[in-house]
Amino acid sequence: MEKPEKLIVDGKRLDGRGPEELRPLKIQAGALKRADGSAYVELGANKVLAAVYGPRELHPRHMQQPDTAVLRCRYNMAPFSVEERKRPGPDRRSVEISKVIREALEPVVFTKLYPRSGIDVFVEVLQADAGTRTAGITAAAVALADAGVPMRDLVSAVAVGKVDDTIVLDLTKEEDQFGTTDMPVAMLPRKRVITLLQMDGSFIEEEFERALALAMKGCEQIYEAQKQALKARYSIKPEEG
Amino acid sequence: MEKPEKLIVDGKRLDGRGPEELRPLKIQAGALKRADGSAYVELGANKVLAAVYGPRELHPRHMQQPDTAVLRCRYNMAPFSVEERKRPGPDRRSVEISKVIREALEPVVFTKLYPRSGIDVFVEVLQADAGTRTAGITAAAVALADAGVPMRDLVSAVAVGKVDDTIVLDLTKEEDQFGTTDMPVAMLPRKRVITLLQMDGSFIEEEFERALALAMKGCEQIYEAQKQALKARYSIKPEEG
Amino acid sequence: MEKPEKLIVDGKRLDGRGPEELRPLKIQAGALKRADGSAYVELGANKVLAAVYGPRELHPRHMQQPDTAVLRCRYNMAPFSVEERKRPGPDRRSVEISKVIREALEPVVFTKLYPRSGIDVFVEVLQADAGTRTAGITAAAVALADAGVPMRDLVSAVAVGKVDDTIVLDLTKEEDQFGTTDMPVAMLPRKRVITLLQMDGSFIEEEFERALALAMKGCEQIYEAQKQALKARYSIKPEEG
Amino acid sequence: MYEIISSVKRDYIADLARQEKRADARALDQYREVSVETGLIKSAQGSALVKIGNTQVLAGVKLERVEPFPDTPNSGVLMVNAELRPLASPTFEAGPPDENSIELARVVDRGIRESESIDLDKLGITPGKEVWAVYIDLHVLDYDGNLIDAASLAAIAALWNVKKPQVEGWTLDEFPVLKKPVAVTVVKIGEKLMVDPSLDEENVMDARLTISTLEDGSICAMQKGGVWCLTVEEIKAAYGLARAKAAELREHLK
Amino acid sequence: MYEIISSVKRDYIADLARQEKRADARALDQYREVSVETGLIKSAQGSALVKIGNTQVLAGVKLERVEPFPDTPNSGVLMVNAELRPLASPTFEAGPPDENSIELARVVDRGIRESESIDLDKLGITPGKEVWAVYIDLHVLDYDGNLIDAASLAAIAALWNVKKPQVEGWTLDEFPVLKKPVAVTVVKIGEKLMVDPSLDEENVMDARLTISTLEDGSICAMQKGGVWCLTVEEIKAAYGLARAKAAELREHLK
Amino acid sequence: MYEIISSVKRDYIADLARQEKRADARALDQYREVSVETGLIKSAQGSALVKIGNTQVLAGVKLERVEPFPDTPNSGVLMVNAELRPLASPTFEAGPPDENSIELARVVDRGIRESESIDLDKLGITPGKEVWAVYIDLHVLDYDGNLIDAASLAAIAALWNVKKPQVEGWTLDEFPVLKKPVAVTVVKIGEKLMVDPSLDEENVMDARLTISTLEDGSICAMQKGGVWCLTVEEIKAAYGLARAKAAELREHLK
């Protein structure tokens with residue numbers, strides 16, 4: 001990818017969006033048959049699947065907790081999901097992202113209801129264009145709901161950043177690479193509290209506060225789409241029974 | 001290895017054999033002391049050892065089956081067994097071969113007699129010249145019998161193939177590499193049923209049927225040698241008591 | 001490092017020491033807070049930490065011994081401890097050294113007092129200049145005593161070798177690399193018996209016997225410093241309570 | 001790949017087979033619904049999502065410049081990798097490929113390689129220095145039986161989807177894919193043979209035989225699996241089924 | 001990194017926090033004793049031992065010649081690695097890096113990389129062929145909480161300790177380190193925020209937020225951790241704490 | 001390498017030792033039957049099968065062209081690897097080399113390397129670019145004690161078997177092997193020393209000392225093992241045994 005001269009021209013981003021606009025978003029609940037719950041998210045060119053198994057017996061046994069379910073999370077990129085083929089298997093990036101996704105989801109799950117059991121969340125990135133961790137959280141929250149796991153709230157997530165000195169919502173890969181700052185955020189939409197917050201780059205105080213507010217606004221939009229997806233899933237009786 | 005102009009000249013193969021002839025075969029039952037059963041097979045330039053341990057307690061415990069013994073198999077090539085030194089440790093090829101060897105042997109073992117236990121079969125290739133998986137099965141069947149594992153039948157195995165448009169028995173490395181087709185086959189010699197069948201290359205229907213029939217004929221010869229080896233082992237009282 | 005013309009000039013070594021002289025030695029017992037026992041050793045440019053945990057419950061369980069504690073040892077070099085950065089993780093050298101350190105320490109530990117438990121010894125090399133395994137044993141013995149593990153004796157260790165045809169005590173990296181022979185030795189100082197003995201290079205009988213005697217003399221000096229360090233640790237009431 | 005199944009279910013499926021019936025009302029020689037969608041993944045040079053019933057396999061083809069193998073200094077390199085992702089089944093575990101995913105990858109690989117479906121000789125760049133590597137990654141998304149057929153079909157569909165790849169330094173006209181080998185897996189339950197096993201059927205099968213054939217009906221690869229035996233007659237019958245069904249599946253590659 | 005802690009201890013610490021107190025009598029915005037010693041390790045081009053209370057992290061910087069990444073053919077390479085050595089804690093296990101050590105390394109890495117604290121463009125040697133790699137190895141020796149702050153401080157102190165490195169082929173005057181990003185971790189226990197958590201406090205915390213700031217108070221990296229939430233007000237308050245405390249910690253870098 | 005042994009057996013062997021007897025009626029300074037067969041493996045440039053009693057080790061030597069190490073740009077490379085194959089003993093497990101196989105390989109390696117038995121300086125090809133690597137692979141086939149002596153003998157026999165290797169690009173006359181270091185392992189049971197321990201003896205031994213000597217009786221490598229101590233007198237006695245027995249074993253290398 002070559003660096004474009006400007007990432008924002010006449011107030012429009014290279015893909016035509018305004019600074020505070022999300023990419024086209026599509027969420028489907030119940031995308032897979034074998035998983036206890038699942039969801040498929042497209043956000044711009046991102047294509048992400050999430051699947052949930054559990055609550056189920058937890059192996060290995062020594063990981064079982066007497067007073068709570070253990071939430072486990074695994075984020076993975078398909079080898080063909082990125083420009084240069086990614087070697088299969090976990091790398092340092094995916095290990096860290098798996099951890100922050102788990103910590104972003106854990107506050108909404110009533111883990112105490114299922115002592116000794118495990119709840120597994122798998123996030124598979126099929127096509128990547130920046131923002132896969134937040135798209136993964138968005139998908140995982142829907143998959144948890146689809147699996148019938150008791151939850152306090154959903155979790156909605158999106159990235160914000162700074163590009164050509166402008167605070168923008170939902171960065172593309174190009175904006176992530178050639179912009180100044182990337183900040184993924186996850187929020188419990190009803191309580192309006194933050195469960196994921198990472199940042200790389202540069203923000204002064206005022207920028208940070210504006211960016212955080214914009215992220216929360218973006219999460220609200222994501223939340224509406226999540227609710228719609230779950231409604232669509234349960235309003236139509238599935239053919240397969 | 002350079003490609004020879006022809007692999008069959010005047011009806012004879014490069015090593016002087018006719019198309020339906022086995023390479024020189026030597027089988028020794030009881031080649032090792034520590035193993036519960038063992039066998040050594042030389043087939044042409046192949047030198048293969050097989051050892052059996054068990055039925056014995058199976059570790060790790062979670063692999064134990066309440067109603068049956070678990071048969072495990074591990075095929076391994078010594079680093080010096082091939083032209084270019086093979087790095088120690090399992091590779092994808094040896095993992096697959098271990099699986100098909102296990103599936104080739106499993107039908108003859110009365111696994112149900114030994115619930116919760118394990119039977120381990122180790123095949124070590126010391127020198128390789130094509131046909132090591134079938135030589136390994138041949139050796140492993142003798143080693144199982146030598147270990148006193150109750151069996152329905154032996155298993156006899158050999159490869160067939162197509163070389164210069166001729167269906168031949170028991171390919172050498174040269175014939176395997178420069179020929180058209182390789183098809184390893186394992187058979188229960190008394191029941192005349194197939195427990196291993198793999199094929200790479202090209203066969204039309206008629207060729208396939210002839211090749212399969214030739215493989216079964218080859219397996220019969222292997223079977224005779226296996227029986228001889230077991231007889232030799234038990235007719236002579238071993239010195240070591 | 002380039003090879004110097006001579007390693008011993010006028011009876012003095014390149015760092016000014018006589019052949020039978022130790023490098024400056026500093027031992028501190030109780031260098032770490034979390035470990036049950038610990039020690040820090042500087043010997044010339046070597047900087048080595050040892051920590052002991054246990055006797056404690058041993059995991060995984062199948063390693064537990066019904067009649068004895070299991071002593072485990074792990075020797076590790078920090079990536080920055082050597083000239084060329086060492087890749088993190090165990091290599092063949094550190095696996096072997098971990099084994100010989102364990103065997104050097106085991107005779108002094110009353111392992112039978114703690115059936116089913118584990119005692120873990122960790123040796124971390126922070127800066128290396130030849131003789132890290134013996135410095136590690138020296139540190140580990142102090143750390144075991146600091147942890148209150150019941151012991152028959154201490155273990156004191158040092159290397160000897162042959163350099164420019166001279167038998168010398170306590171080789172530097174330069175002397176190890178360009179000298180003829182390296183022989184690490186560990187001794188129970190009160191019983192005067194040997195628990196570690198390795199050698200690479202060349203010794204005729206008379207040289208070997210002189211070298212062994214010199215090593216034992218060196219161990220005696222080490223032993224005095226170990227005792228001083230333990231006295232210093234327990235004469236002063238630690239501030240932290 | 002074999003899952004725990006209650007003995008009740010096992011007996012039920014075996015009983016049905018004896019009557020030449022199946023739990024989902026299919027005929028013994030009938031596939032579940034098959035669909036092939038290509039080109040879904042823009043970050044791949046070729047891609048295909050194959051569904052056979054509930055089973056879903058996504059294949060992606062990536063082209064990269066690599067050093068050639070010393071014995072074929074001017075030929076491209078084919079690499080097939082299969083990932084039984086844990087999201088696809090409660091029995092798939094995270095971690096390095098196990099024997100089932102390795103067997104799957106190697107069977108798909110042989111079907112393509114031995115049929116010479118890719119003209120690797122055209123994929124040299126600088127002799128002895130650089131050639132094209134063709135990576136086929138098989139990503140199993142949902143597992144309800146018959147992975148081999150689904151993965152094989154996804155692989156060949158993804159290869160035919162490459163066409164004129166958008167990759168730096170590509171100079172050929174078209175990606176040199178030549179043939180359409182199709183794998184058909186026949187399983188034996190009791191005395192009966194059937195195609196396209198569901199997961200439940202796989203769990204009770206005695207043996208399976210996968211046969212990859214070309215348009216002319218010739219065989220390019222075979223793989224027997226399972227812990228029981230096949231008679232010569234069963235093998236011949238399986239070959240007949242494989243040829244007939246391959247023709248049907250090949251329709252999805254048009 | 002989270003250890004088993006009795007519920008009695010948990011309640012005690014949470015109760016204290018409610019009263020704005022801590023078990024070691026510190027104020028909520030007070031660090032334990034901090035010390036930074038540099039240059040201890042001669043085999044490294046730069047080194048620093050940081051102690052925060054009983055927590056000890058030793059950082060070593062090694063420079064090596066490596067091939068550049070293809071997309072930055074004339075820029076140096078930064079590699080940060082953290083080892084939670086088992087001698088440092090009964091809960092650290094030998095073996096490959098786990099998620100805690102990977103997160104630690106990556107958070108320290110981002111603090112340095114994103115602030116452009118090293119001028120990597122100066123670290124080319126032969127364009128496209130050879131550049132300097134800067135390895136920062138974080139060796140955790142004693143673990144009593146707040147590793148991120150200790151490791152970040154050790155890393156930047158070790159970088160500033162490099163100066164004119166004694167390494168073959170070095171031609172620059174000074175090692176091009178430009179800035180002093182400092183990480184401050186704020187934890188939330190109940191409704192209260194506090195800096196520099198001890199191990200016991202980490203074990204009962206609801207969430208933590210690490211904020212790396214530069215001299216001008218701007219943020220260069222953040223990382224939230226822990227399994228509970230933060231309000232917007234808490235995040236803003238944490239930022240205030242981070243700026244104030246970073247100024248204090250930066251005094252140790254002089 | 002240490003196996004579970006009933007305390008009855010342990011006492012029996014220790015009692016015998018006290019009387020200077022052994023379970024297989026050997027003298028304390030007597031080896032079991034030793035045999036050395038060379039050249040069995042045609043795919044190796046040199047090979048040797050050594051049997052000491054029931055213990056069997058097969059060594060293969062392979063020569064390959066590799067890049068030299070930077071500090072010895074024109075010297076060959078020696079690599080020794082030992083595999084305790086699970087077919088050789090119920091206590092050997094499949095998997096990466098454990099501490100016993102690593103120790104075995106490294107002790108054999110040092111015996112050869114430190115005696116300068118191979119003239120590595122003759123194994124350069126293109127200075128700084130290409131040299132010969134000598135891989136010695138030790139394949140343990142049957143394990144009944146005293147692996148170090150069997151493996152060391154197999155390694156040196158395989159090296160002397162290389163002679164004029166059939167390998168592309170070989171230009172030297174003979175393979176430059178110069179010496180015959182021989183390892184002898186002495187074990188201590190109670191107060192007694194004995195050579196060539198059987199497996200049962202290894203399982204009850206207090207300590208072992210392996211001494212590798214050359215034709216002139218000088219020592220080139222030593223390795224103490226086991227969890228108990230040796231006195232200075234025992235070490236000297238072991239050295240005497242090692243020299244005497246090495247001369248006997250060296251007869252098998254003619």
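In what follows, chains carry the letters A, B, and so on, assigned in the order in which the sequence lines appear, proteins first and then strands, with residues in each chain numbered from 1.
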Can you measure from [atom1] ([X]) to [atom2] ([Y]) and round to the nearest 0.5 angstrom?
{"X": "I102(F)", "Y": "E96(C)", "atom1": "CD1", "atom2": "CD", "result": "9.0 Å"}
{"X": "L197(C)", "Y": "M222(F)", "atom1": "CG", "atom2": "CE", "result": "4.0 Å"}
{"X": "I211(F)", "Y": "F208(C)", "atom1": "CD1", "atom2": "CZ", "result": "6.0 Å"}
{"X": "W228(F)", "Y": "E103(C)", "atom1": "CH2", "atom2": "CD", "result": "13.5 Å"}
{"X": "E116(F)", "Y": "S202(C)", "atom1": "CD", "atom2": "OG", "result": "9.0 Å"}
{"X": "N100(F)", "Y": "K99(C)", "atom1": "CG", "atom2": "NZ", "result": "5.5 Å"}

In terms of heavy-atom pairs under 4.5 Å with chain F, which of [options] leads?
{"options": "V100(C), V193(C), I194(C)", "result": "I194(C)"}
{"options": "A186(C), A104(C), P107(C), P184(C)", "result": "P107(C)"}
{"options": "M216(C), E207(C), E205(C), M183(C)", "result": "E205(C)"}

- [ ] For chain C, find which of E234(F), R243(F), K236(F), K224(F) contributes the most heavy-atom pairs closer than 4.5 angstrom.
- [x] K224(F)

Task: Nearest heavy-atom neighbours spanning D200(C) and R110(F) - done: OD1-CD, 2.7 Å

Task: For the student: nearest non-hydrogen atoms of A105(F) and R92(C), plus distance - done: CB-NH2, 3.5 Å

Open item on the list: Please classify the contact between L209(F) and chain C as side chain, backbone, both or neither, with a heavy-atom cut-off of under 4.5 Å.
Closed with: side chain

Open item on the list: What I want to find out is whether E99(F) reaches R102(C) closely enough, with some N-O distance under 4.0 Å, to be called a salt bridge.
Closed with: yes

TODO: Would you check if M199(C) and Q223(F) make a side-chain contact, meaning some heavy-atom pair closer than 4.5 Å?
DONE: no

For [X], does the [atom1] atom sit with more than 12 other heavy atoms under 6.0 Å from it, leaving out its own atoms?
{"X": "E215(F)", "atom1": "CD", "value": "yes"}
{"X": "E84(C)", "atom1": "CD", "value": "no"}
{"X": "K227(C)", "atom1": "NZ", "value": "yes"}
{"X": "E224(C)", "atom1": "CD", "value": "yes"}
{"X": "E206(C)", "atom1": "CD", "value": "yes"}
{"X": "M151(C)", "atom1": "CE", "value": "yes"}

Open item on the list: Please classify the contact of L105(C) with chain F as side chain, backbone, both or neither, using a heavy-atom distance under 4.5 Å.
Closed with: neither

TODO: Let me know if M187(C) has heavy atoms under 4.5 Å from chain F in its side chain, its backbone, both or neither.
DONE: neither

